[in-house]
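See structure below.
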Amino acid sequence: MLNIKFIRENSDKARTAFRSRGMAENLLDEVISLDERRRAIIVELEEGQHLRNTTSSQIGQLKKEGTDIAELSQEMRQVGEKIKELEKESKEVEDNLNQKLLLLPNLPHPDVPYGQTGEDNPVVHVWGAPTKFSFEPKPHFELGENFGILDFEASAKITGARFALYKGFGARLERALINFMLDLHTKEHGYQEILPPFMVNSAAMTGTGQLPKFKEDLFKCESTDYYLIPTAEVPVTNIHREEILRGDDLPIYYTAYTPCFRAEAGAYGKDTRGLIRQHQFNKVELVKFTKPEDSYAELERLLNDAEEVLKKLEIPYRVVVLCTGDLGFASAKTYDIEAWMPASGGYREISSCSNFEDFQARRAMIRFKRTPDSKPEFVHTLNGSGLAIGRTVVAILENYQLEDGRVAIPKALQPYLDGIEIICPPIKPI
RNA sequence: GGAGAGGUACCGAAGUGGUCAUAACGGGACCGCCUCGAAAGCGGUUUGGGGGAUAAUCUCUCUCACGUGGGUUCGAAUCCCACCCUCUCCGCCA
């Protein structure tokens, strides 16, 4: 959520920022006029409340002295009616304003390059080079089915399209990756491990920005207020919702493995085969709470922490910075890490690292005090994938495949798989 | 699922229609005194949101908030209704 005071005083900046995102500005105008109206009502309302408070205590006094208060009561009854009306009106305007404010996206950081689509995202750096093959590399879903470690027929029968069933070594590989990533982030990068609920209520979804605008991307559990999480960002960021943290405790680093559930509305026909785009996938997430002045340095470190996973797994990748038009709703600045995927012959997003500044903190009321008697300020929140597990499986299978049909296992992962160095089709269940 | 208890500040907790909710009392935290230093002791400070005034992030002032939302009343933490959450016991259960 944006700061209404900031909008009031810097409407030009907000306008320019929204244009760069390709947003309509009429919402901004509505917000500004609602804010004016709201403040006018408040002045009138508070005058009435003041009158009621002072007179009511007088009435108490007079009654004790035995004076007749009938007339005064009658007058106050009218003031009461007026207050009730103004309260109703003020609530309506406030709700309306709030609802609109929740629909306004974050302002991009000034560093963020202007652009309209993902095509315009500049490459920041490249690590490694696209894997070279002396043969035609196979797509991961073909390899997975040949090995008997992925069964999309079974998952389609059990649930439907865009679900995966891992078998034997496949299930084990997924689990090994989760452990490998959690160990790396907790033991080497200083994150605390969290295992949160996989369902959250609507207040949590509003706090991080999925609601109210992106309802159609979520799965909701019927006849409850609970949603399946689309990312661990939601439960983990909401750990500190409506809290005032101690400045000395910042920054806070959390990492969490969770499955992620996404409706993928509007993705019909895209990535229909394989693990790339699923309604349910696993992810290890990194979340940070920082002081405002530290958040951009922390974003760089977060990006490094996520990159480290791919370096250790020796998977080639590049980092891009999202342009204004491609930037997510809540984010002020985002880096995407894209891993090299040989079968499709391109780089593919495997992590997204964002600084939300105080956008989420303001929605979720996550604040901190620098010292015990300073004013509360909003924290900055950040998060990034470290990494998406399913897509990492894709990257390993495709990048590590050999001409004879076998697939090597990255060295860093071998300790998590009883030292297995290479797998051969068809593999026996373990 | 059944029965009961409870939600008030950083924590515990009092307050059951008006006389201070910056909320009694206790604890914690912070500052000061004492001390070579500390502990103890003594004194003090400690909620947050939204308006208005102002050049002002200083200050002054008003207002809201006792789980949430309604209702009754001149006046509600207190009375009434609905909902949410927590705890205890019983049942069921991984």
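Heavy-atom basis, side chains included; hydrogens, waters and symmetry copies ignored. Order of the sequence lines fixes the chain letters, A, B, ..., with proteins taken first and strands second; residue numbering starts at 1 for each chain.
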- Message: Measuring to OP1 and OP2 of U63(B), would you say a side-chain N or O of H50(A) lies under 4.0 angstrom away?
- Response: yes

- Return the set of residues passing salt bridge (charged side-chain N to carboxylate O under 4.0 Å, His left out) with K213(A) (not counting sequence neighbours), or none when no residue passes. none

- Item | Near-ring test F359(A)/H380(A), centroid separation under 6.0 angstrom | no

- Item | Nearest-0.5 Å distance that lies between atom CG in N106(A) and atom CZ in F18(A) | 8.5 Å

- Provide, to the nearest angstrom, the distance between the CD atom belonging to Q58(A) and the C1' atom belonging to G18(B). 13 Å

- Item | Spacing of the C1' atoms in G49(B) and U45(B) (rounded, Å) | 22 Å

- Message: For the P atoms, the ones on U16(B) and on A24(B), what distance do you get once it is rounded to whole angstrom?
- Response: 15 Å

- Item | Pairs involving residues 207-247 of chain A, ordered by first then second residue, that meet ring-ring contact (aromatic ring centres under 6.0 Å, His included) (sequence neighbours left out) | F214(A)-F329(A), F219(A)-H279(A), H240(A)-Y254(A), H240(A)-F289(A)

- Message: Could you tell me how far apart K369(A) (NZ) and U57(B) (P) are, to the nearest whole angstrom?
- Response: 19 Å

- Starting at the 5' end of RNA chain B, which residue's closest nucleotide do you reach first, I244(A) or N53(A)? I244(A)

- Query: What integer number of Å spans the C1' atoms of G41(B) and G51(B)?
  - Reply: 45 Å

- Query: Can you pull the ring-ring contact (aromatic ring centres under 6.0 Å, His included) pairs that have at least one residue in residues 181-204 of chain A, sequence neighbours excluded?
  - Reply: H185(A)-H189(A), H185(A)-Y191(A), Y191(A)-Y253(A)

- Message: Rounding to an integer number of angstrom, what distance separates C36(B) and A23(B) when you compare their C1' atoms?
- Response: 42 Å

Under 3.5 Å, N/O pairs linking protein and nucleotides 49-56 of chain B:
unit_1, atom_1, unit_2, atom_2, d
G49(B), OP1, R367(A), NH1, 3.2
G50(B), O3', R38(A), NH2, 2.5
G50(B), N2, E46(A), OE1, 2.8
G50(B), N2, E46(A), OE2, 2.7
G51(B), OP1, R8(A), NH2, 3.4
G51(B), OP1, R38(A), NH1, 3.2
G51(B), OP1, R38(A), NH2, 2.8
G52(B), OP1, R39(A), NH1, 3.4

- Distance between C1' atoms of C87(B) and G69(B) (Å, rounded): 24 Å

- Rounded to whole angstrom units, what separation is found between the CG atom of L86(A) and the P atom of C62(B)? 20 Å

- Task: Mind running side-chain hydrogen bond (donor to acceptor under 3.5 Å, both in side chains) on D120(A) and Y114(A) for me, showing each step along the way?
- Result: CA-CA 8 Å; D120(A) 304 324; Y114(A) 175 82; over 6 Å; no

- Taking atom C1' in both C34(B) and A39(B), what distance in whole Å separates the two? 12 Å

- Item | Any side-chain donor near an acceptor of the partner, H140(A) and E398(A), under 3.5 Å | yes

- Query: Whole Å only: how far is the CD atom of E242(A) from the P atom of C85(B)?
  - Reply: 15 Å

- Base-pairing mate for G75(B) - Watson-Crick or G-U, with both contacts under 3.5 Å: none

- Rounded interatomic separation in angstrom, taking CG from N201(A) and P from U68(B): 16 Å

- Item | salt bridge (charged side-chain N to carboxylate O under 4.0 Å, His left out) contacts touching residues 257-271 of chain A (sequence neighbours left out) | E264(A)-R277(A), D271(A)-R277(A), D271(A)-R348(A)

- Query: Is there a Watson-Crick or G-U wobble partner for G32(B) with both distances under 3.5 Å, and if so, which one is it?
  - Reply: C42(B)

- Note on the structure: To the nearest angstrom, the CZ-P distance between R246(A) and G28(B) comes to 16 Å

- Paired to U68(B) by Watson-Crick or G-U wobble criteria (both distances under 3.5 Å) is A82(B)

Could you go over nucleotides 70-75 of chain B and give all protein N or O partners under 3.5 Å, atom names and distances?
unit_1, atom_1, unit_2, atom_2, d
U72(B), OP2, K84(A), NZ, 3.2
C74(B), OP1, R77(A), NH2, 3.1
C74(B), OP2, R77(A), NH1, 3.3
C74(B), OP2, R77(A), NH2, 3.2
C74(B), O2', S56(A), OG, 3.3
C74(B), N4, K63(A), NZ, 3.4
G75(B), O4', S56(A), OG, 3.2

- Task: Determine which nucleotide pairs with G17(B), using a 3.5 Å limit on both distances of a Watson-Crick or G-U wobble pair.
- Result: none

- 5′-ward residue of the pair L51(A)/Q61(A) relative to RNA chain B: Q61(A)

- Task: Can you measure from CD (E145(A)) to CD (E153(A)) and round to the nearest 0.5 angstrom?
- Result: 7.5 Å

- Rounded off to whole Å, could you give me the CD-to-P distance for the Q49(A) and U61(B) pair? 19 Å

- Task: Establish, from distance only, whether the side-chain atoms of K333(A) and S354(A) form a donor-acceptor pair under 3.5 Å.
- Result: no

- Task: Go ahead and name the base partner of G26(B); Watson-Crick or wobble counts if both distances stay under 3.5 Å, otherwise write none.
- Result: C11(B)

- Message: Using atom C1' in both nucleotides, what's the gap between G37(B) and C58(B) to the nearest angstrom?
- Response: 38 Å

- At what distance, to the nearest 0.5 angstrom, does CG of L165(A) lie from CD1 of I149(A)? 12.0 Å

- Message: Rounding to an integer number of angstrom, what distance separates G71(B) and C30(B) when you compare their C1' atoms?
- Response: 44 Å

